[in-house]
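Okay, so here's the structure we're looking at.
Every chain is numbered from 1 and lettered A, B, ... according to where its sequence line falls, protein lines coming before strand lines. Keep in mind it's a predicted model, so treat the numbers as computed, not measured.
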2 protein chains.
Amino acid sequence: MATARLQERYGTAVPLRQMVSYRLSRLQAKLNAQATKILKENGDLTLMQWRILVMLDLYGEVTIARIVRETEFDKGLLSRTAKAMVQKGLIATKSNDSDLRQNHLSMTPQGRGVFDRAFAPMRGRQDKLLNSMSDEQRENLFEAFEMIENSLDEMRENE
Amino acid sequence: MATARLQERYGTAVPLRQMVSYRLSRLQAKLNAQATKILKENGDLTLMQWRILVMLDLYGEVTIARIVRETEFDKGLLSRTAKAMVQKGLIATKSNDSDLRQNHLSMTPQGRGVFDRAFAPMRGRQDKLLNSMSDEQRENLFEAFEMIENSLDEMRENE
DNA sequence: ACTTAATAGTTGACGTATCAACCTTTATCT
DNA sequence: AGATAAAGGTTGATACGTCAACTATTAAGT
């Protein structure tokens with residue numbers, strides 16, 4: 001493989017369009033920028049703050065460890081973000097008597113208000129993104145995500 | 001992922017699996033981590049350094065502005081990365097007499113050597129990722145990327 | 001029971017990405 | 001030509017993500 005590439009080699013690499021990692025990182029950067037902007041304009045949340053609120057909306061009350069298990073976000077980042085959210089009055093913490101390590105997070109009414117305000121535009125943008133494709137395409141896309149992720153997880157194990 | 005745990009949903013939100021932005025950012029984080037590791041072990045490049053080398057391999061000689069146009073990477077980041085690569089002897093710069101603003105980047109032989117060494121493992125991982133799906137699935141995936149990106153670009157225009 | 005391992009969470013260090021300000025040089029407009 | 005805008009590139013401030021070290025608490029192993 002490397003030997004076949006010894007001469008003229010402009011374009012020996014895969015074309016840009018087909019570079020998975022690059023394509024994804026570019027797409028993700030755009031999604032990120034858009035979400036960040038919408039959130040800033042609708043309650044001034046950061047993306048990670050929004051994500052924590054989503055978890056609280058989904059599960060009602062969660063620990064940081066649970067969020068880590070569900071999402072694989074970094075626990076350090078989560079810890080810092082949660083701290084800031086408590087200071088802003090968006091969430092409350094409650095320690096668990098039967099396990100003193102745990103710290104349960106929950107939305108405050110104010111947090112709920114901010115979440116509700118950001119929800120519609122965030123949902124709207126997601127729908128716009130997905131509405132450009134058919135149900136089947138959408139399902140295929142999520143399947144592809146899973147396949148790639150699985151294959152990444154596998155590679156990580158075999159080393 | 002923990003599917004059994006996902007039952008107790010009282011949120012208004014979409015289930016996690018279907019949150020495009022979240023799914024993509026997680027996938028991208030994993031791809032990123034893997035690539036970073038491979039590059040570190042095969043010549044000690046950073047991801048951005050690798051990407052610049054890929055551009056040089058594809059196009060022979062490029063300016064930063066050209067890379068920005070092709071990839072939409074941040075020009076500040078590119079500038080800094082290129083500077084570091086010159087110091088490491090991976091690339092050379094040559095100013096253009098007919099336009100003194102421009103600065104053309106090209107690979108040094110050493111840069112070529114490093115690129116060649118990293119190429120096989122990087123290509124291998126990409127193939128592994130894509131080989132887990134059929135040609136059709138693969139094509140659909142890239143199409144989906146394009147659709148989402150287009151719909152993002154559109155939204156950005158309409159505001 | 002007691003030692004060791006695992007889990008929950010916090011913190012600091014560091015690299016990377018993003019954004020805006022700025023300087024130069026070239027294009028455009030009148 | 002002269003003024004203004006646009007393009008190429010650099011730099012600084014700042015936010016974000018990642019990793020590892022560390023404390024406290026609980027679970028497991030023998």
Using the ring of each side chain (for Trp, its six-membered ring), is B:Phe142 parallel, tilted or perpendicular to B:Phe145, with breaks at 30° and 60°? perpendicular
Exercise: identify the closest heavy-atom pair between B:Ile91 and B:Ala82: CD1-O, 3.7 Å
Within residues 84-96 of chain A: residues closer than 4.0 Å to DNA chain C (heavy atoms): none
Looking at A:Leu45 and A:Ala118, what are the two nearest heavy atoms and their distance? CD1-CB, 4.4 Å
Go along nucleotides 8-15 of chain D 5' to 3' and tag each nucleotide: B for a protein heavy atom under 4.0 Å from its base, S when only backbone or sugar atoms are that close, - otherwise. BBBBBB--
Between the CG atom in B:Leu77 and the CZ atom in B:Arg51, the distance rounded to the nearest 0.5 Å is 9.5 Å
For the pair A:Phe115 and A:Trp50, name the ring-plane relationship: parallel under 30°, tilted 30 to 60°, perpendicular over 60°. parallel
From CG of B:Asn32 over to C1' of C:dG15, roughly how many Å is that when rounded to an integer? 12 Å
Protein-nucleotide distance (A:Gln28, atom CD; C:dT18, atom C1'), rounded to Å: 13 Å
A:Leu53 and A:Gly111: which non-hydrogen atoms are nearest, and at how many Å? CD1-O, 4.2 Å
Specify the separation, in whole Å, of atom CH2 of B:Trp50 and atom P of C:dT16. 17 Å
Whole angstrom value for the distance that separates P of C:dT18 from CG of A:Leu47: 13 Å
If you look at every strand shown and take non-hydrogen atoms under 4.0 Å, does B:Ala29 touch a base, only sugar-phosphate, or nothing? sugar-phosphate
Shortest non-hydrogen contact from A:Ser132 to B:Ser151? OG-CB, 4.5 Å
Grab the NZ-C1' distance between B:Lys37 and D:dT18 for me, whole Å please. 15 Å
Between atom CG in B:Leu39 and atom P in C:dG15, what is the gap in whole Å? 17 Å
Which pairs count as side-chain hydrogen bond (donor to acceptor under 3.5 Å, both in side chains) when at least one residue sits in residues 139-150 of chain A, sequence neighbours excluded? A:Glu139-B:Arg17, A:Glu146-B:Arg17, A:Glu149-B:Arg23, A:Glu149-B:Arg26, A:Glu149-B:Lys30
Using every non-hydrogen atom in the two residues, find where B:Gln49 and B:Met85 come nearest and quote the distance to one decimal. O-CE, 3.4 Å
Can you measure B:Gln34 atom CD to D:dT18 atom P for me and round it to whole angstrom units? 15 Å
Rounded to whole Å, how long is the line connecting atom CD1 of A:Ile67 with atom P of D:dG17? 14 Å
For A:Met48 and A:Asp97, take the nucleotide of DNA chain D holding the closest heavy atom to each; which residue's nucleotide lies nearer the 5' end? A:Met48
